[in-house]
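Here the structure comes first, spelled out in structure tokens, and everything after it is commentary.
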Amino acid sequence: MTSTTDASAHADTLTTRPYRVAQWATGNIGTKSLRGVIEHPSFTLAGVYVHSAEKAGLDAGDLCGVGQTGVIATNSLDDIVALAPDCVLYMAGKLDADEICRLLGAGINVVTTRGEFHHPASMAPELRAAVEEACRRGNTSIHSTGSSPGFITEAIPLVLTSIQRRLDLITIDEYADLSSRNSPELLFDTMGFGQAPGEFSEARLSHARNSFGPSLRLVADGIGLPLDSVEAAGEIALARVDTTIAAGVVEAGTVAAQRISAMGMRNGKEVLRFRATWYCTQDFDQDWDLLPTGWRVTVDGDAPLEVDIKFPIRLEDMAATTPGYTANRAVNAVSFVCAAPAGIRTATDLPQIIAALG
């Protein structure tokens, strides 16, 4: 039997053991992650991989706004492998399976904010087989995490179900107020705000299923209620009046808010639901219960719960602050993934992630 003291000592050992960590990619999230590694009390930055020739040769500190580190960025996979870090924080905009397998096969663990590894059983069989073979060959582990999916779709629901004995439904609501987001191309052209009403494309519904379905399946498997399927649906709301936002004007009668849901089904009923609501104004024609940017998790069961998590950040500061929610979770997972048995490791395989802050 493990005592509370023993468990605490084990967690302390995991979070304070020194690890050599390399950062892969330095976009919005990767830059936050890089800074997190540099400032971590027990990590050493071993290397930085960048995609552009312009960033190659720069000091890692210059890439994330801290002082000189002496670690120079490279755009060579061979360079990163030669450095032999304990772990790579892989934050590429697109998954390259050959890169991942090369790292794992070379004995380098991987923590990634890419979503392909949340639920091994629903991965593409060829990808799963290749990655598991690389993990076996290198005696390494890989773990997908982040804020959403990740923290809010896995860590929080698993904790909240720990005081249930009957579960009817978990609803994970995510809210984003985009009125201060000065990104006209993203909001109007890509997301369709300010446009005439229409149906959600199959591509967007498929994205919801593929992005959040694996997390829903993981939680469902973990609590013994495996899903039969994951379905997706989209809804829109129209502006009642012309509204000026940072990105431009949302005219009356055009799309002012959107809600997209991924629904985990079991025996013909929803068991788990992720629902994202994005809005540019609250003056629209649907009766939706809105919150400020953040999350609400509602548990319907024999111990009902409702938990609101709000971001106490000014809307104009969201773009600069929220990448840290994703990056920090990944940085804090490094020591736990390095200590895990070889393979694709999920939130139900690893201990509770604890941050080493001092």
Side-chain angles (χ1 to χ4, degrees), residues 25-32 51-52 54 64-65 91-94 113 115 146-149 152-153 172-212 232-262 274-296 308-327:
T26 54
N28 288 339
I29 294 170
T31 299
K32 291 283 189 180
H51 288 96
S52 69
E54 291 78 12
C64 63
M91 297 174 178
K94 183 178 180 180
T113 51
S147 57
S148 176
I152 198 62
T153 58
I172 304 156
D173 279 303
E174 181 171 283
Y175 300 92
D177 181 344
L178 303 176
S179 59
S180 294
R181 185 74 177 266
N182 190 10
S183 303
E185 183 177 352
L186 173 65
L187 267 62
F188 297 138
D189 299 337
T190 303
M191 298 187 70
F193 288 104
Q195 304 297 318
E199 298 294 324
F200 273 72
S201 69
E202 177 51 37
R204 294 190 67 188
L205 297 178
S206 178
H207 176 74
R209 283 191 294 268
N210 294 336
S211 295
F212 297 98
E235 307 166 78
I236 60 170
L238 306 181
R240 290 195 175 97
V241 297
D242 290 357
T243 303
T244 300
I245 62 174
V249 177
V250 177
E251 296 181 354
T254 66
V255 176
Q258 304 177 42
R259 174 175 283 177
I260 192 164
S261 302
F274 175 84
R275 185 168 57 191
T277 303
W278 305 287
Y279 58 97
C280 295
T281 174
Q282 297 189 36
D283 190 5
F284 53 69
D285 64 353
Q286 295 277 13
D287 185 21
W288 292 349
D289 182 18
L290 289 184
L291 292 184
T293 298
W295 298 301
R296 168 176 286 166
D308 288 353
I309 302 177
K310 299 177 182 178
F311 299 170
I313 307 165
R314 297 185 308 166
L315 287 177
E316 55 267 35
D317 295 333
M318 285 286 179
T321 305
T322 53
Y325 287 67
T326 297

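Heads up: numbering here begins at 1 and tracks the sequence.
- Side chain to side chain, S179 and D177 meet the donor-acceptor criterion of an N or O pair below 3.5 Å.
- Applying the salt bridge (Lys or Arg N to Asp or Glu O under 4.0 Å) rule to pairs touching residues 180-194 yields nothing, sequence neighbours excluded.
- Scored by the salt bridge (Lys or Arg N to Asp or Glu O under 4.0 Å) test, D289 finds R296 as partners (sequence neighbours excluded).
- The salt bridge (Lys or Arg N to Asp or Glu O under 4.0 Å) test applied to E235 returns no partner, not counting sequence neighbours.
- With sequence neighbours excluded, the residues satisfying side chain to side chain donor-acceptor pair (under 3.5 Å) with T26 are K55.
- Scanning all heavy atoms of the two residues, the minimum distance from A208 to A232 falls at CB-CB, 4.4 Å.
- Smallest separation of non-hydrogen atoms from A256 and A239: CB-N, 3.5 Å.
- The side chain to side chain contact (heavy atoms under 4.5 Å, CB included) search around E251 returns D242, V249, T254, not counting sequence neighbours.
- From F284, atom CZ reaches atom CD of Q258 across 11.0 Å, with rounding to the nearest 0.5 Å.
- In this structure T190 satisfies the side chain to side chain contact (heavy atoms under 4.5 Å, CB included) test together with L186, sequence neighbours excluded.
- Note: I260 CD1 to H207 NE2 = 8.0 Å, rounded to the nearest 0.5 Å.
- Under the side chain to side chain contact (heavy atoms under 4.5 Å, CB included) criterion, I313 pairs with F311, D317, M318, T321, Y325, sequence neighbours left out.
- The two residues V250 and V255 have their closest heavy-atom pair at CG1-O, 3.6 Å.
- What you find for L187 and L178 is that their closest heavy atoms are CD2-O, 3.7 Å.
- Open room surrounds CG on N28; 12 or fewer heavy atoms of other groups in view lie less than 6.0 Å from it.
- Taken to the nearest 0.5 Å, the OG1 atom of T31 stands 10.0 Å off from the CE atom of M91.
- Residues P184 and A247 share a closest heavy-atom pair of CG-O, 3.5 Å.
- Note that CZ of R240 and OG1 of T281 are 9.5 Å apart. Values are rounded to the nearest 0.5 Å.
- Under the side chain to side chain donor-acceptor pair (under 3.5 Å) criterion, N182 pairs with no residue, sequence neighbours left out.
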Please tabulate, for the side chains in residues 191-202, all donor-acceptor contacts under 3.5 angstrom to protein atoms that are two or more places apart in sequence or on a different chain.
| from | atom 1 | to | atom 2 | distance (Å) |
| --- | --- | --- | --- | --- |
| Q195 | NE2 | F188 | O | 3.4 |
| S201 | OG | R204 | N | 3.2 |
| E202 | OE2 | R209 | NH2 | 2.3 |

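- Here OH of Y279 is found 7.5 Å from CG of L291. Values are rounded to the nearest 0.5 Å.
- Residues that satisfy the side chain to side chain contact (heavy atoms under 4.5 Å, CB included) test with S148, not counting sequence neighbours, are I152, E174, F212, F274, W295.
- Checked against salt bridge (Lys or Arg N to Asp or Glu O under 4.0 Å), D285 has no partners two or more places apart in sequence or in another chain.
- With sequence neighbours left out, the salt bridge (Lys or Arg N to Asp or Glu O under 4.0 Å) criterion links D173 to R275.
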